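Below is one structure, written out as C-alpha cells; comments come after it.
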Amino acid sequence: MVKPVTTDAADKIELKPETSLAYEMHLASVDSAVERIRGEDRQFLWADAWPERLAQLRNGTTIAELYSGKRPIPVPDGLIHDWIGALCIPGVTIEKTLAVVQDYDNHKNTYQPEVIGSKLIGRQENDFQIYLRLRKKKIITVILDTYRDVRYLSINSKRWVCHSRTTRISEVEDAGKSTERIRPPDNGYGFLWRLSSYWRFEERDDNTFVECRAVSLTRDVPKALAWIIEPIILKLPRESLRATLESTRRALVLSKA
C-alpha cells in the first residue's frame, strides 16, 4: 500500500546557508536600486513610469504584480518572491497615512485576519522594533511569530520612504493553546523564511500614493508535495501584499468618516 502524502512530510526542513546567501545577494541589488530611485525627483514612485498605471491607481485600483518576470526567482532549495503593489487614497494626508501604518500596537486590528497579534517593542525617533504574529492560511494554516526592524526616512514634507526587515521568524505550533510551542527560527514548513519590505509614500494633488515592494524567501516546491505547497508558496506573497495595501486603504477611509 502506498502511504499517503501528508503535511507532516513538508514539516521537516531547515533553511540552508546557501539559500539565505542567495536571498541576501538579491536584497543587495534591491537596496542599490531603491537608493538610486530615492534621489530621483521626477520618478519617485514606481507607477510614475507608466501613466496608465497612475490612472488606474487614481481610479481606485489596487495593483500587485511581480516586480519582473512571470515566476518567483529560483535559488538553491528556495524561491525569492519579489512583488510590488500600489494604491492611491484620495483626501488623505501623508501624515495621517504614516500615523496609521506606524500604529503597530493596533496592527492586529487594522490588518486582520492575517495579523493576529502585534506590539511595538521599541522606538527611537523614526526607527521601530516591532512584533507581529501572522496567520498564513491556504490549504493548511501556519502561525508565524515575526520580529522586524523598521526605519522611516523623510525625503521632504510630501515624500517618505520606509524599509522593514524581519530579524526573526518562528513558526508556532498549537497557537493559543496550553501546548503552544514556538519553533526555532529557520525550521519548519518554510512558507516564510525572510521578508524585506520597501515602502514609498507621496502626497500629491490631494491624494496619498502608497507603494510597497515586498521581497520574501520561501522553500522551493518539491514535486512530491506540489499539490500541498505550490498553492501556498506561489499565491500567498501576492495575496498578502494586496491584503496589506487594501487594509491600509480601509483604515484610512474609515479615519475620514
Side-chain angles (χ1 to χ4, degrees), residues 3-28 30 71-83 104 107-108 111 113-119 121-122 129-150 163-197 214-241 243-244:
K3 185 178 180 180
V5 178
T6 68
T7 55
D8 290 340
D11 200 15
K12 300 173 183 178
I13 185 171
E14 293 185 2
L15 175 63
K16 295 183 178 180
E18 55 268 33
T19 311
S20 179
L21 177 60
Y23 178 73
E24 294 299 327
M25 292 176 64
H26 182 78
L27 275 193
V30 176
R71 300 279 293 180
I73 302 166
V75 296
D77 296 302
L79 293 170
I80 295 173
H81 308 261
D82 193 342
W83 287 84
Y104 292 109
H107 271 214
K108 58 184 174 290
Y111 293 97
E114 179 161 315
V115 179
I116 58 176
S118 61
K119 182 179 181 180
I121 298 172
Q129 294 78 46
I130 67 170
Y131 159 80
L132 300 176
R133 174 166 282 195
L134 307 179
R135 179 195 289 119
K136 299 290 186 180
K137 184 175 182 180
K138 203 70 179 172
I139 294 175
I140 61 175
T141 299
V142 177
I143 306 299
L144 303 169
D145 276 353
T146 69
Y147 294 83
R148 311 181 188 203
D149 286 342
V150 188
H163 183 197
S164 168
R165 181 165 183 172
T166 54
T167 58
R168 179 186 175 99
I169 299 179
S170 299
E171 296 181 11
V172 183
E173 293 182 348
D174 297 335
K177 301 178 181 179
S178 60
T179 53
E180 177 175 300
R181 183 171 78 91
I182 300 174
R183 283 182 170 273
D186 302 339
N187 179 284
Y189 283 105
F191 296 154
L192 182 63
W193 294 128
R194 300 284 187 271
L195 175 62
S196 195
S197 302
V215 186
S216 59
L217 176 67
T218 70
R219 65 178 297 162
D220 59 1
V221 183
K223 291 182 179 179
L225 297 172
W227 68 276
I228 299 173
I229 296 174
E230 193 165 29
I232 303 171
I233 295 297
L234 299 185
K235 293 183 179 180
L236 272 179
R238 179 180 184 272
E239 291 176 0
S240 293
L241 178 57
T244 296

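Everything numeric here is computed off the predicted structure, so don't read it as measured data.
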Any side-chain heavy-atom pair of [X] and [Y] under 4.5 Å:
X      : Y      : value
Ile169 : Trp193 : no
His107 : Val115 : yes
Arg168 : Thr146 : no

With rounding to the nearest 0.5 angstrom, report the [atom1] to [atom2] distance, [X] to [Y].
X      : Y      : atom1 : atom2 : result
Leu144 : Leu195 : CG    : CG    : 10.5 Å
Tyr189 : Thr141 : OH    : OG1   : 9.5 Å
Arg238 : His81  : CZ    : NE2   : 14.5 Å
Ile143 : Leu134 : CD1   : CG    : 8.5 Å
Glu173 : Arg183 : CD    : CZ    : 4.5 Å
Leu217 : Glu24  : CG    : CD    : 9.0 Å

Mind listing the closest non-hydrogen atom pair of [X] and [Y] along with its distance?
X      : Y      : value
Thr19  : Gly78  : CG2-CA, 3.9 Å
Ser170 : Pro184 : OG-C, 4.3 Å
Tyr104 : Val150 : OH-CG1, 3.4 Å
Phe191 : Val142 : CD1-CG2, 3.5 Å
Pro74  : Leu79  : CA-CD2, 3.8 Å
Gly190 : Glu171 : N-OE2, 3.1 Å

### Arg194 and its side chain to side chain contact (heavy atoms under 4.5 Å, CB included) partner, picked from Ile80, Asp186, Val215, Thr218
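Of the listed options, the one satisfying the test is Asp186.
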Note to self: With side chain to side chain contact (heavy atoms under 4.5 Å, CB included) as the test, pick out the partner of Trp83 among Ser216, Pro237, Ser197.
What the structure shows: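 Of the listed residues Ser216, Pro237, Ser197, the side chain to side chain contact (heavy atoms under 4.5 Å, CB included) partner of Trp83 is Pro237.
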message = Applying salt bridge (Lys or Arg N to Asp or Glu O under 4.0 Å) to Arg133 and Glu180, what does each step give before you reach the verdict?
response = CA-CA 13 Å; Arg133 174 166 282 195; Glu180 177 175 300; 3.2 Å; yes
Can we call the ring centroids of His26 and Tyr23 under 6.0 Å apart?
->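 No; Tyr23 has its ring centre 6.0 Å or more from that of His26.
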Checklist entry - Given the rule in the side chain to side chain contact (heavy atoms under 4.5 Å, CB included) test, do Leu27 and Arg165 qualify, once you have shown the distances and angles that lead to the verdict? => result CA-CA 11 Å; Leu27 275 193; Arg165 181 165 183 172; 3.6 Å; yes
Between Arg135 and Glu114, does any side-chain N to carboxylate O distance fall below 4.0 Å?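 No.
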I'd like to check the ring-ring contact (aromatic ring centres under 6.0 Å, His included) partners of Tyr131; sequence neighbours left out, ordered by chain and number.
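Tyr131: ring-ring contact (aromatic ring centres under 6.0 Å, His included) contacts with Tyr147.
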Check: Is Lys16 atom NZ crowded by more than 12 heavy atoms from other residues, nucleotides or ligands, each under 6.0 Å away?
Finding: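 Count not over threshold, so no.
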